[in-house]
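First the structure, in the form of structure tokens, and then the observations on it.
Model, not experiment: these values are computed from the prediction.
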Amino acid sequence: MGQKNKETDLSAAIPGGVKEEDLNDLMQIRREKLNEMRQKGYEPYGNRFERTHSARFILDNYGEMEYKHVILAGRIMSKRGMGKASFAHIQDSTGKIQIYIRSNDVGPETYEFFSKLDIGDIIGVHGSVFKTRMGEVTVAVEGLNMLAKSLRPLPEKWHGLKDVELRYRQRYVDLIVNPEVKEVFVIRSKTVRAFRNFLDAKGFLEVETPMMQLIPGGATAKPFITHHNTLDLKLFMRIAPELHLKRLLVGGFDNVYEINRNFRNEGISTKHNPEFTMMELYQAYADYNDMMDLTEEMISSVACEVLGSTLIDYQGTEIDLSPGWTRIPMLEAVKVRSGLDFSVIKTAGEAHSAVKQAGINLELDPADTWGDILNKVFDEMVEPKLIQPTFIMDYPVEISPLAKRKADNPDLTYRFELFIYGREIANAFSELNDPIDQKARFAKQVEKRKAGDEEAHMMDEDYINALEYGMPPAGGLGIGIDRLVMLLTNTYSIRDVILFPLMKPRD
RNA sequence: GGGCCAUUAGCUCAGUCGGUAGAGCACCUGACUUUUAAUCAGGGUGUCGCUGGUUCGAGUCCAGCAUGGCUCACCA
């Protein structure tokens, strides 16, 4: 649906689209410089520019680069003028390098041009590499090209941009002036790549399943709602790819994975962003024990590939990601930490009174089932204490509607979650492939939904239909990429590993 | 959603008891051909988040609102 009447008020704007009254002095001066540049016949916004080297390469290979001629480009980050000669640092994607420009070398006209440039301007330079008296590797400029005029002043060179709100809202500025931020996102990119390499090498096939779904399934969460105009169709942004990936197992793909976004219409916190990245994989003829082995191997090898070590420091705590992680059934973990033995507590009623008797401070709902209460006790008493990587096994069936029941205890499932630093990093199970049980589980969820639980699963008839054709037994695994990257980059907030986190509009 | 905190120049931050709005960086003018948080001389560039209130007088006190941060709740 195209909009035909876009509001355009160019009359009140000056070139650049900013209204004149919004311009402070610093921006006004830069616009004047821009106009002056044009008047003198220089184009402030250049074109293709071929570079021979990066800043990093020159710095790292000074021995072979000394006195070599180089062409590079970057943003001016600092300037030190001394009459007929100037020093400056320019920054490209690899780092900063000093340049030295003398009137004698480039001629008075070019030198004059350079001396009027601002911090933030993007230029190309060519010249030869040398070391200054103080030992800094520097490019002695022989000529320069204007590539982009910057019309806004950058934050201060010494303190950088600290205002958290501005850093998230204008990430591009954050990235320009705070080099450590860039490093976080490089690590994020390498992490995702490492996952792909690992899984591809294991024979998994990367697939893409719908982001917009008729029935949002595969997780317990409130979805975002959207609408398709020509079909006049209510659609949901997916909360998980799970049910579609398992349809692929039915279709005959044995090993599939997807790394992509999920959307959940819930609270925002240091650990939750409405859209986040999930890796989900399914392996036919495997079970949750295989998934534990795979999780360990995958995360430790990804850490090794990205950081060169399986020993990480997170917020002052040393975490050891080398394989051999603790595997403990939920019942046992809860018993150890709370004293409550849910293997002898058999009913919801007994569970309610046991919690009360133990004096555990929990908000219990009368409708809570045995499994709900077990999970709440776990969340409260156990989860925060799981600092080193720990697999918690055998979740109650009530909160695991897609997992296979344990053969020796139908109240529990072959499901585990991985916790590191008190946070859930992975969730996995032996997939439920009995269509009749699955339909019954969905029906239970639908009841919960009718009772007002907006997060309960919906009935997905087509998924049942798929299971009825026969799905091979399989292990499935989901890993929250953002939270894992937080661990690998030692960042406290999920917003620090998301380039453009969701922010309320300012006005 | 609740609680606490923050919001002052482009950026980082001061601002006392309610009495004419401050610093550093950046910027402007001038000097300076190996500087590096360059230096030296001069220049303050502002809707003190917004709206009300109290007061002779509000950046400062009060109320409401907005945005953000932390936290609790919610939530994988």
Distance between P atoms of B:G24 and B:C65 (Å, rounded): 39 Å
In Watson-Crick or G-U wobble terms, with both distances under 3.5 Å, the base opposite B:A31 is B:U39
When you check the phosphate oxygens OP1 and OP2 of B:U67, does a side-chain N or O of A:Lys504 lie under 4.0 Å from one of them? yes
Determine yes or no for a side-chain-to-main-chain donor-acceptor pair under 3.5 angstrom, with A:Arg441 supplying the side chain and A:Val397 the backbone. no
Whole-Å distance separating the CD atom of A:Glu363 from the C1' atom of B:A73: 8 Å
Could you tell me whether A:Ala221 contacts a base, only the sugar-phosphate backbone, or nothing, with contacts defined as non-hydrogen atoms closer than 4.0 Å? sugar-phosphate
Separation between the C1' atoms of B:U55 and B:A14, rounded to whole Å: 26 Å
Look at all strands and tell whether A:Gly478 reaches a base, only sugar-phosphate, or nothing, counting heavy atoms closer than 4.0 Å. nothing
Using a heavy-atom cut-off of 4.0 Å across all strands, would you classify A:Asp163 as base, sugar-phosphate, or nothing? sugar-phosphate
Does a donor on one side chain and an acceptor on the other come within less than 3.5 Å for A:Arg247 and A:Thr209? no
Take atom P in B:C5 and the same atom in B:A63, then report the distance between them in whole Å. 11 Å
No-H, no-angle donor-acceptor pair, A:Arg80 side chain to B:U35 base, under 3.5 Å: yes
B:A23 versus B:U16 - spacing of their P atoms, nearest Å: 16 Å
Over all strands shown, is A:Lys162 touching base, sugar-phosphate only, or nothing at heavy-atom distances under 4.0 angstrom? sugar-phosphate
Rounded to the nearest angstrom, tell me the gap between atom CG in A:Asp121 and atom P in B:C27. 11 Å
Expressed as a whole number of Å, how far does the P atom of B:C50 sit from that of B:G59? 11 Å
Give the rounded distance in Å between these two atoms: CD of A:Gln28 and P of B:G46. 12 Å
Record whether the side chain of A:Glu165 comes under 3.5 Å of the base of B:U7 through a donor-acceptor pair of N or O atoms. no
Using atom NZ of A:Lys79 as one end and atom P of B:U39 as the other, report the distance to the nearest whole Å. 16 Å
Are OP1 or OP2 of B:C28 and a side-chain N or O of A:Lys33 less than 4.0 angstrom apart? yes
Length of the line joining A:Glu266:CD and B:A73:P, which is rounded to integer Å: 16 Å
May I ask you to verify if any side-chain N or O of A:Lys157 is less than 4.0 angstrom from the OP1 or OP2 atom of B:A26? yes
Using both distances under 3.5 Å as the test, list the Watson-Crick or G-U wobble partner of B:U47, or none. none
Separation of B:G69 P from A:Asp496 CG (nearest whole Å): 10 Å
For B:C75, does OP1 or OP2 lie under 4.0 Å from any side-chain N or O of A:Arg264? no
Could you check which nucleotide pairs with B:G59 in any of the strands shown, counting Watson-Crick or G-U wobble with both distances under 3.5 Å? none
Without hydrogens or angle criteria, can the side chains of A:Gln315 and A:Asn490 be said to hold a donor-acceptor pair below 3.5 Å? yes
Are OP1 or OP2 of B:G69 and a side-chain N or O of A:Arg167 less than 4.0 angstrom apart? no
From CG of A:Leu26 over to P of B:C25, roughly how many Å is that when rounded to an integer? 15 Å
Taking A:Ser430 for the side chain and A:Tyr288 for the main chain, is one N or O donor matched with an acceptor at less than 3.5 Å? yes
Would you mind classifying the nucleic acid contact of A:Leu166 as base, sugar-phosphate or nothing, using non-hydrogen atoms under 4.0 angstrom? sugar-phosphate
Base of B:U33 paired with side chain of A:Ser103 (donor-acceptor, under 3.5 Å): no
Counting distance alone, no hydrogens or angles: does the base of B:U33 have a donor or acceptor under 3.5 Å from a partner atom on the side chain of A:Ser86? no
Ignoring hydrogens and angles, tell me if any N or O in the side chain of A:Asp287 forms a donor-acceptor pair with the backbone of A:Asn289 under 3.5 Å. yes
Kindly say whether A:Leu166 contributes a backbone atom to a donor-acceptor pair with the side chain of A:Asp163 at under 3.5 angstrom? yes
P atoms of B:C72 and B:C13, separation to the nearest Å: 25 Å
Nucleotide paired to B:U67 in any strand shown, Watson-Crick or G-U, under 3.5 Å: B:A6
Watson-Crick/G-U partner (both atom distances under 3.5 Å) of B:G22: B:C13
Which part of the nucleic acid, if any, lies within reach of A:Arg169 when heavy atoms closer than 4.0 Å are counted: base, sugar-phosphate only, or nothing? sugar-phosphate
How about A:Arg75 and A:Ser150: does a side-chain donor come under 3.5 Å of a side-chain acceptor? no
Determine the contact category for A:Phe130: base if any of its heavy atoms lies under 4.0 Å from a base atom, sugar-phosphate if only primed atoms, P, OP1 or OP2 are that close, otherwise nothing. base
Return the value, rounded to whole Å, for the distance between atom CZ of A:Arg152 and atom P of B:U45. 21 Å
